[in-house]
Amino acid sequence: MTEDKPPRKEESAGLMKYSAENLVPFGPIHPALKEPEYFKLVLEGEKIVEVIPRIGYVHRGLEKAAESRPWVQNMYMFERTCGICSFVHSLTYGQAVEGLTIYEIPRRAKFIRTIIAELERIHSHLLWVGLMGHWAGFETLFMWVWRDREVVLDLVEAISGNRIHKSMNAFCGVRRDMPEGMEDRIVERMKFLVDRANYYKGIVDTEETMLERTEDIGRVSAETAEKLCAVGPMARYVGLRRDIRLNDPYAAYDEVPFDIVTSKEGDVHALLKLRLDEMIVAANMVSYAVKHLPEGPIRIKIPPVIPAGEHSSHSEAPRGEIFYYVKSSGGRTPDRVKSRQPTMANLPTALEILKGQTIADVPVVLTAIDPCFGCMDRMSFLDIESNRQWTWSGEELRRYGINYYFPERMKMR
Amino acid sequence: MPRRRAGAAIPEMFRTMLEKPSTRAYPYQKVELPARFRGKLDIDPERCTGCQVCAMVCPAGVITMIDIGTRKVGDKELPVKRPVFELSTCIFCGECVDNCAFKALEMTKQFELATPHKEDLTMRKALTK
Amino acid sequence: MSEVLLQQIERLAADAKTKSTQLHKGETMIEIEQSQLKNFITRLVNQIKIRHLSTITGLDLGQNIGIIYHFWRDRNTIHLKTFVPKTKPTTVSIVDIIPGAILYEMEIHDMLGVMFVGNPWMDKKLLLPDNWPDDLPPPLLKNVKPADIRKRLGLEVEKK
Ligand code: SF4
Ligand code: SF4
């Protein structure tokens, strides 16, 4: 359907007189969007030629707010940056602050941090695979995957007391120990998840519905991704070995054996398999860490005043690199906290990928980077030459569509 | 690589049809909550001494201290305070519970907190003593 | 590996007439003149092959605005700090060397009012609302109070 056809200017009943360059607003408020973001898509026919992002609709001024709050309270605030990968935010902020103090983090706390961070990765990846099924029109996959995601959430709830906002981190340690007698249950559940992930890998490899929508879509070259500073799965699916867990280990990642997954294919289908593979790796890491959990204290209490200095920390969230920079002037509140989320880093790459795609692939490609956006229903046309704007009614649009793809049917009328 | 075909998921579909439903008939069937579940905050007015630590550590500004009288320490009159909790802004972090040296606070398993009246979520229990 | 890298960076810093200080283990801070910045980053990317820019941080330092470029490779983090005076907050854009920096520069432009010459999207807003008045100072400066902004934008709600 989408092979290149020249626009038939004369045949289109006078609706498209000028060069077919259109501007489609995408967002910010949209039934299918989960977060309010706005993209201006400049189209040529069905192909996207330029994308201009506009974010910040839910900008709450966290960095400014952090300047007036005590160090510990900021940890809870930054944990609420994201409703999916919350733990890793408090972990990275905590690490950045811990670097300014003289205290060592107990080894057991490091392991517990690793366990929670990996459980969170499994949960986030499952959520993403489900959404991918949803946008690709494979609703069954969405249902199954989200059912299996409950397994992880139940584990997280049993360990931390809450499903999403774990509030597990403290400076130089964690607040809660692992519950007694959870080991067997975690290992057993992880085995179940590995089985499920293997099954889903089979499904996405054979099921026509999935392949149609994901294969050969969202390609980008490794050089471009590197230049645009892509992070996380977006860097790994084109073959870059960029994973902070491996490159610059934090928590207990230097003690838990694992290998990162990369892919060479570089399309959305590869991204799907990569995230499922990463899930399997994460599940194995959790099993290992639970079995080899060292004894010892879980926390060192530190004074509320953090010594002056500046420090940065980064870690690998499910979506990619999270970066925190803190500057202290030796007081009870920070001087400056900078936080950068992976979606911000991946946005330039996503915009690059979108160029040259058809408009029907926008939801799939935008979901691929994992901020989750939907398709569009409102269309307003900006005619670039005459600067004239008009809107089409549904009937006109339908006629134009039929005319475009099946001109012979129009002639029969 | 296996052959691509439509409907690769159909066998699993039949299998899941025979299984028990994954969802629960909430609210008729209650969920069993884990031991560590963090629900609505509760205070034991007997134990609270009004030390203000909870108000200082709360990241969400839930707790305000209210004067309920005075007491004599040496020859000085010091105010006696008790916390009031605006639970509608509580983020269930449990920091206040961890920091209360007198073990006056605890997190209950209550999570059905929706109410048409915002005042219902203000906990003035500690003031009554 | 790491030693070699540090030596290379030190040599680069010496060429740019500055020196590198070790902040913490694996973290190097280099304060650099604005005029040397582009040259330095070009050599960092092409010669030492440190290609990944984590982000750019803007800081209000009183007289100046500090801009820190955070690079990393393996276990080494390099912070490149330059200063722009508040009276004339203009600096060079590095988008032509690292295209991924475009959104970070826009963010600092929004939040601290620094102009990046050479960034093609400098005229657009990224984070601030479209109805942000031009005469309001950038919000992340230290002397700007959130309450004042809320008042100006008509968002002030009465405290109970
Ligand atoms: S609840 Fe605990 S921490 Fe809060 S004032 Fe009472 S005794 Fe102090
Ligand atoms: S649980 Fe957290 S947010 Fe709620 S009152 Fe206690 S400290 Fe405040």
Side-chain angles (χ1 to χ4, degrees), chain A residues 38 40 52-61 63-65 67-68 96 99-100 223-231 235 240-242 244 246-250 254 309-314 321-327 335-349 351-352, chain C residues 21 23-27 29 45 49 51-61 66 68 70-79 81 95-104 106-108 110-112 120-121 124-130 132 138-142 144-147 149-150:
Chain A
Y38 175 52
K40 257 186 219 161
I52 299 157
R54 176 81 168 78
I55 59 175
Y57 289 92
V58 278
H59 194 267
R60 299 294 307 269
E63 289 173 16
K64 183 88 180 170
E67 287 170 14
S68 60
L100 291 173
E223 294 86 67
T224 320
E226 188 165 27
K227 262 199 187 141
L228 292 170
C229 305
V231 293
L240 298 179
R241 277 183 77 81
R242 186 176 283 168
I244 294 142
L246 192 80
N247 297 140
D248 188 5
Y250 54 96
D254 43 357
E310 36 192 337
H311 189 59
S312 78
S313 173
H314 55 180
E321 181 199 19
I322 277 186
F323 181 91
Y324 272 80
Y325 163 88
V326 294
K327 180 165 181 283
D335 227 21
R336 173 89 166 90
V337 183
K338 162 86 187 172
S339 93
R340 198 270 286 136
Q341 283 71 40
T343 303
M344 180 84 164
N346 279 335
L347 207 51
T349 321
L351 302 183
E352 190 63 36
Chain C
T21 37
L23 271 189
H24 301 272
K25 195 167 162 283
E27 261 186 78
M29 168 69 84
V45 170
K49 309 231 177 313
R51 297 215 178 93
H52 185 73
L53 175 75
S54 268
T55 189
I56 310 175
T57 303
L59 290 166
D60 184 358
L61 297 170
I68 314 180
H70 309 275
F71 291 88
W72 70 267
R73 199 184 82 193
D74 295 336
R75 293 182 190 225
N76 305 287
T77 312
I78 293 139
H79 306 295
K81 198 181 205 171
V95 170
D96 46 348
I97 313 166
I98 302 173
I102 187 160
L103 293 181
Y104 307 141
M106 283 169 86
E107 184 188 347
I108 294 179
D110 271 10
M111 287 295 149
L112 287 159
W121 284 350
K124 294 184 177 60
K125 286 206 174 78
L126 183 76
L127 292 170
L128 292 183
D130 284 328
W132 186 263
L140 209 54
L141 294 179
K142 289 268 180 204
V144 179
K145 299 263 177 312
I149 294 177
R150 257 179 263 134

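Each chain gets a letter, A, B and so on, in the order its sequence line appears, and its residues count up from 1. Predicted model only: the values in this text are computed from it and were never measured.
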Evaluate side chain to side chain contact (heavy atoms under 4.5 Å, CB included) for C:I68 paired with A:E310, printing each intermediate quantity in order.
CA-CA 11 Å; C:I68 314 180; A:E310 36 192 337; 4.2 Å; yes
C:L53 side, atom CG; A:L228 side, atom CG - distance, nearest 0.5 Å:
11.5 Å
What closest approach, in Å, do C:L61 and A:K327 show between heavy atoms, and which atom pair accounts for it?
CD2-NZ, 4.0 Å
Do you know which of C:D60, C:V45, C:T55 has the most heavy-atom pairs under 4.5 Å to chain A?
C:T55
For the side chain of C:R75 and the backbone of A:D248, is there at least one donor-acceptor N/O pair under 3.5 Å apart?
no
Residue A:K227 excluded, over 12 heavy atoms near NZ under 6.0 Å:
no
Once ring pair (Phe, Tyr, Trp, His ring centres under 6.0 Å) is applied, do any residues pair with C:H70, and if so which ones, sequence neighbours excluded?
A:F323, A:Y325, C:H79
On a heavy-atom basis, which atom in C:L126 and which in A:M344 lie closest, and how many Å separate them?
CD2-CE, 4.0 Å
Chain C contact via A:L351 - side chain, backbone, both or neither, heavy atoms under 4.5 Å
side chain
Hey, is the main chain of C:L141 close enough, under 3.5 Å, to the side chain of A:K64 for a donor-acceptor pair?
yes
Check whether A:H314 gets within reach of chain C through its side chain, its backbone, both or neither, counting any heavy atom under 4.5 Å.
side chain
Per-residue contact mode, C:M111 against chain A (heavy atom under 4.5 angstrom):
side chain
Between A:E67, A:E63, A:E352, which residue shows the highest count of heavy-atom pairs closer than 4.5 Å to chain C?
A:E67
So, taking the atom named CH2 in C:W121 and the one named CZ in A:R54, what distance separates them when rounded to the nearest 0.5 Å?
12.5 Å
Side chain to side chain contact (heavy atoms under 4.5 Å, CB included) assessment of A:D335 paired with C:K142
CA-CA 10 Å; A:D335 227 21; C:K142 289 268 180 204; 4.0 Å; yes
Below 4.5 Å, heavy-atom pairs only: which of A:P249, A:S312, A:P348, A:A230 has the largest tally toward chain C?
A:S312
Under the ring pair (Phe, Tyr, Trp, His ring centres under 6.0 Å) rule, collect the residues that match up with A:Y324, sequence neighbours excluded.
A:F78
A:R336 and C:L59 have their tightest heavy-atom pair at CG-CD2, 3.4 Å
Evaluation steps, side chain to side chain contact (heavy atoms under 4.5 Å, CB included), between A:E321 and C:H52
CA-CA 11 Å; A:E321 181 199 19; C:H52 185 73; 3.0 Å; yes
Can a donor-acceptor pair be found, under 3.5 Å and without considering hydrogens, that links the side chain of A:R340 to the backbone of C:T57?
no
